[in-house]
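Report on one structure; see the data block that follows.
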Amino acid sequence: NEATFTTDHLPNVDTYRAQQIPYAYISAFEIAINNSSDENSLTNTMQRLHADALGEVNWKKTIAELEGAEYATNSNYQSGDLRRGMPTRLTFAYAAKGVVYDAPMPEQSIEILGDLDALLNKQVSLIKKTSDDYFDLAATISIVTFLSHPFLGGNKRVIRPLITNILTRGGLVGRWLEGDEKFINDFKETWSNQQPPRQSRGV
């Protein structure tokens, strides 16, 4: 028998669809841009993005599947919370490729976020904003954040606005609207020589 919770009227994590997702995503991107100053830590930004991108979700069903109904009943986990204190190690399998990935334990995941935050704070002012290095920095921070799996679910929905947040910290979002001609020229020059890979033709 499935457990019944007071949150059963809320959608499950994987069924948070319809009108909720686009509105939540738009709001999450706005948060990502508006909270791009160095004073906002990566962890706090992630938590705000997660809370906004997922909103009211029935996490107890997810926790019940991982930990059991009794644990879920006593859990107050909600959107925006890190999976701190969760005893289960999350494992993901991609059967078609034979790939199994064990996400870090919650404590390790939180430590990884702290290390990434320190790296970002150090590098964001050192790397030229229109260089490939800055895009590599944004990609690296985002990918490692996703692999650390800081939240119980909905991690993928946080990564896109997180990338936007990191790019904004480097001045790469919204600057064109300010008439920054130097930025526009630098940006165009950086990417003007980037050609798509040629497709090989069969003989």
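When the shell of 6.0 Å around CG of Asn76 is examined, it contains 12 or fewer heavy atoms from other residues, nucleotides or ligands. Residue Arg48 qualifies as open at atom CZ: its count of foreign heavy atoms under 6.0 Å is 12 or below.
For the residue pair Asp52/Ser27, the side-chain donor-acceptor check at 3.5 Å is satisfied. If you check the side chains of Asn165 and Ser36, you find no donor sitting under 3.5 Å from an acceptor.
A continuous path of hydrophobic side-chain contacts links Phe92 to Val158 [ILVMFWY only; heavy atoms under 4.5 Å]. Put simply, Met105 and Ile112 are part of two different groups of oily side chains (I, L, V, M, F, W, Y) that touch within less than 4.5 Å, one to the next. Residues Val57 and Ile159 fall within the same hydrophobic cluster, defined by Ile, Leu, Val, Met, Phe, Trp and Tyr side chains chained together at heavy-atom separations under 4.5 Å.
Across Ser79 and Gly55, no two heavy atoms sit closer than the pair OG-O, 2.5 Å. Contact record, Ile63 with Ser75: CD1-OG, 3.3 Å, taken as the closest heavy-atom pair. Contact record, Ile166 with Leu120: CG2-CD1, 3.8 Å, taken as the closest heavy-atom pair. Here the closest non-hydrogen pair linking Lys60 and Thr73 is NZ-O, 3.6 Å. Here the closest heavy-atom approach between residue Asn35 and residue Thr45 is recorded as O-OG1, 4.0 Å. Residues Leu10 and Asn58 come closest through the heavy atom pair O-CB, 3.6 Å.
Between the CD1 atom of Ile163 and the OG1 atom of Thr168 there is a distance of 11.5 Å, given to the nearest 0.5 Å. How far CD1 of Ile31 is from CG of Asn40: 11.0 Å, rounded to the nearest 0.5 Å.
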- request: Carefully, step by step, assess Leu90 and Tyr101 under the rule side-chain contact (heavy atoms from CB on, under 4.5 Å).
  value: CA-CA 8 Å; Leu90 300 176; Tyr101 174 68; over 6 Å; no
task: Please assess Asp8 against Lys61 for the test side-chain contact (heavy atoms from CB on, under 4.5 Å), listing each intermediate value before the final yes or no.
output: CA-CA 8 Å; Asp8 280 351; Lys61 284 290 187 185; 3.4 Å; yes
Enumerate donor-acceptor pairs with a distance under 3.5 Å from any side-chain N or O in residues 140-152 to protein atoms, sequence neighbours excluded.
{"residue": "Thr140", "atom": "OG1", "partner": "Asp136", "partner atom": "O", "Å": "2.8"}
{"residue": "Ser142", "atom": "OG", "partner": "Ala138", "partner atom": "O", "Å": "2.8"}
{"residue": "Thr145", "atom": "OG1", "partner": "Ile141", "partner atom": "O", "Å": "2.6"}
{"residue": "Ser148", "atom": "OG", "partner": "Thr145", "partner atom": "O", "Å": "2.6"}
{"residue": "His149", "atom": "ND1", "partner": "Asn155", "partner atom": "ND2", "Å": "3.4"}
{"residue": "His149", "atom": "NE2", "partner": "Asn155", "partner atom": "ND2", "Å": "3.0"}

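Under the 3.5 Å distance criterion, the side-chain polar atoms of Asn121 are matched with a main-chain donor or acceptor of Asp117.
Applying the ring pair (Phe, Tyr, Trp, His ring centres under 6.0 Å) test to residues at least two apart or on different chains, the pairs with a partner in residues 51-71 are His50-Trp59, Trp59-Tyr77.
A 4.5 Å side-chain heavy-atom check between Leu42 and Leu162 finds at least one atom pair inside the cut-off.
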